[in-house]
2 protein chains.
Amino acid sequence: MISQTEENYLKTLFNLTSLKGEASVNELSKQLDIKMPTVNSMMKRLAGKGLVVYESYKPLKLTDKGKKEAALIIRKHRLTEMYLVEKMGFGWEEVHVIAEQLEHVQSPAFFNKIDELLGFPKVDPHGSPIPDAHGKMESEQYIKLSDCQEGDVVTFMAVTHSSDAFLKFLNSRELSLGKVIRIKSKEEFDGTMEIGYGKRKSEMLSQEVCEKIQVTHEKKK
Amino acid sequence: MISQTEENYLKTLFNLTSLKGEASVNELSKQLDIKMPTVNSMMKRLAGKGLVVYESYKPLKLTDKGKKEAALIIRKHRLTEMYLVEKMGFGWEEVHVIAEQLEHVQSPAFFNKIDELLGFPKVDPHGSPIPDAHGKMESEQYIKLSDCQEGDVVTFMAVTHSSDAFLKFLNSRELSLGKVIRIKSKEEFDGTMEIGYGKRKSEMLSQEVCEKIQVTHEKKK
DNA sequence: TAAAAATATTAGCCTGTTCTAAGAATAAAG
DNA sequence: CTTTATTCTTAGAACAGGCTAATATTTTTA
Ligand SMILES: [Mn+2]
Ligand SMILES: [Mn+2]
Ligand SMILES: [Mn+2]
Ligand SMILES: [Mn+2]
């Protein structure tokens, strides 16, 4: 049995390790806002349960079992977010905090029903992929808008951060998933971009914003 | 801040005290399946938070604050049950266990949305009243089917127990809320009743079942 | 009313999850 | 290659929420 607390550690570690395959106690501590000694002892405990690979002074890794458990929690989180947006009418900026709680509900029937009512969605409202019932997830193949060049035409596929403030900023610019974006110019000094999409012909986005926006180049046929 | 554990104590104490206005540590212990010393110390804790009136060797009572908190948890529980049945297609026998978890979600926006999507329902799928946003609940004015007499014609308004087994039994007899029931005969020895409703002209119900069924007499105009 | 049963309380222990303070190991800087 | 800074670990404490064993009180029975 994995507690709610343990689930939050697993999920966060999964997200941190998805980049380099490993993470430090320090990073995990900062991410969870829990002091290092607490994180350290929890890592030992999760290692005892076969979910984490822990060796003194070495970076943390998830075991295959740990990865699967984490992915299943993330599955519940993302299915929930999708349900809240699609079936209940919440905005994409509201659903993350609610899903942080609902992801811990223990009821396969509940999440199977959500999955079914949504028609087995592949991505959540932020464009992140939803792991399947076995914990398998397709890796995202997107690129950052900040890495694109003047003249590029790209499609807005996902955001890498789902804070209320950031998503409200995008709402204010009517910048939503699926929008086709033309990069009109890019300031090399600070990375600010001038872009156009839909009815909005000229919007300025800071590099900070562009780094959180994931896109694909338009398909060439 | 009231923890999930404390919420379950409050809710259970609310249900127990709704009959006589007070309850014993022993009753609460049995209901929660938690040993008496644990319940005892929790009662002191909740008394410290101003939610319970605790005096050594005296029956337990909820304070007004405790009653309100409990009613608001019950509100979330019952709204959730209604949503699961009406909007997600669950059977009334499935929803109680799921609602036991969802009732602890801390998100006014979530439950306000549910309330709104349901059109501000007054009762849950088991016929129990849903407290309003201030924790006010109309007391049920129903009578037990087991207290009715031969020849009575009554309407099935609520069940007093929502165990999976009991509700599945009612499902198997197509006996659902709103059905008009005619009492064809009543065996005085053991309280068994022969009733008719809808297409079912003769069904035998044990006293145990009849005691869990709440009805109203047909309105006389 | 005295004995027995039921109920309630206290004391002490355990696990889970957090913290602070202090020391050990590793990494970075000079 | 030392010194310094950072990171990691250990030790010890606290609180929440559970338990058992023992004791105290109240209620019931004889
Ligand atoms: Mn999210
Ligand atoms: Mn969470
Ligand atoms: Mn219920
Ligand atoms: Mn509950």
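- Listed nucleotides D/dT10, D/dG18, D/dC8 differ in distance to B/T38; the shortest reach to its side chain belongs to D/dG18.
- Going from atom CE of A/M43 over to atom C1' of D/dT10 covers 17 Å, rounded to whole Å.
- Considering only side-chain N and O atoms, B/S24 lies nowhere under 4.0 angstrom from the phosphate OP1 or OP2 of C/dT7.
- Atom CG of B/N40 is separated from atom P of D/dT23 by 18 Å (rounded to the nearest Å).
- One atom, CD of A/E7, and another, C1' of C/dG16, lie 15 Å apart when rounded to the nearest Å.
- Salt-bridge annotation for B/E81 and B/K76: absent, with no side-chain N of the basic residue lying under 4.0 Å from a carboxylate O of the acidic one.
- Here B/S41 lies out of heavy-atom contact (under 4.0 Å) with every strand.
- The closest side-chain donor-acceptor pair between A/N171 and A/W92 falls under 3.5 angstrom.
- A side-chain donor from one of B/H77 and B/H96 sits under 3.5 Å from a side-chain acceptor of the other.
- When rounded to the nearest whole Å, the span between CD of A/Q4 and P of C/dT18 equals 11 Å.
- For B/M36 and D/dA21, the CE to C1' distance is 13 Å, given to the nearest whole Å.
- For the pair B/M42 CE and C/dT9 C1', the computed distance is 17 Å after rounding to whole Å.
- Here the side chain of A/N26 is nearest to one of C/dT9, D/dT10, D/dC8, namely D/dC8.
- The shortest distance between the side-chain N/O atoms of A/Y57 and the OP1/OP2 oxygens of D/dT10 is not below 4.0 Å.
- Taking a cutoff of 4.0 Å between a charged side-chain nitrogen and a carboxylate oxygen, A/E6 and A/K11 do not qualify as a salt bridge.
- Listed pair A/Y9 / C/dT18 meets the phosphate criterion, a side-chain N or O lying under 4.0 Å from OP1 or OP2.
- The side chain of A/P37 approaches C/dA21 more closely than any other nucleotide in the set C/dT10, C/dA21, C/dT18.
- In this structure, of C/dC19, C/dA8, D/dG18, it is C/dC19 that holds the atom nearest to the side chain of A/I34.
- When the C1' atom of C/dG16 is taken as reference, atom NZ of A/K35 falls 19 Å away, rounded to whole Å.
- Remark: the A/Q4 side chain and the A/H104 side chain contain no N/O donor-acceptor pair separated by less than 3.5 Å.
- Regarding B/L32, its CG atom lies at a distance of 10 Å from the P atom of D/dC19, rounded to whole Å.
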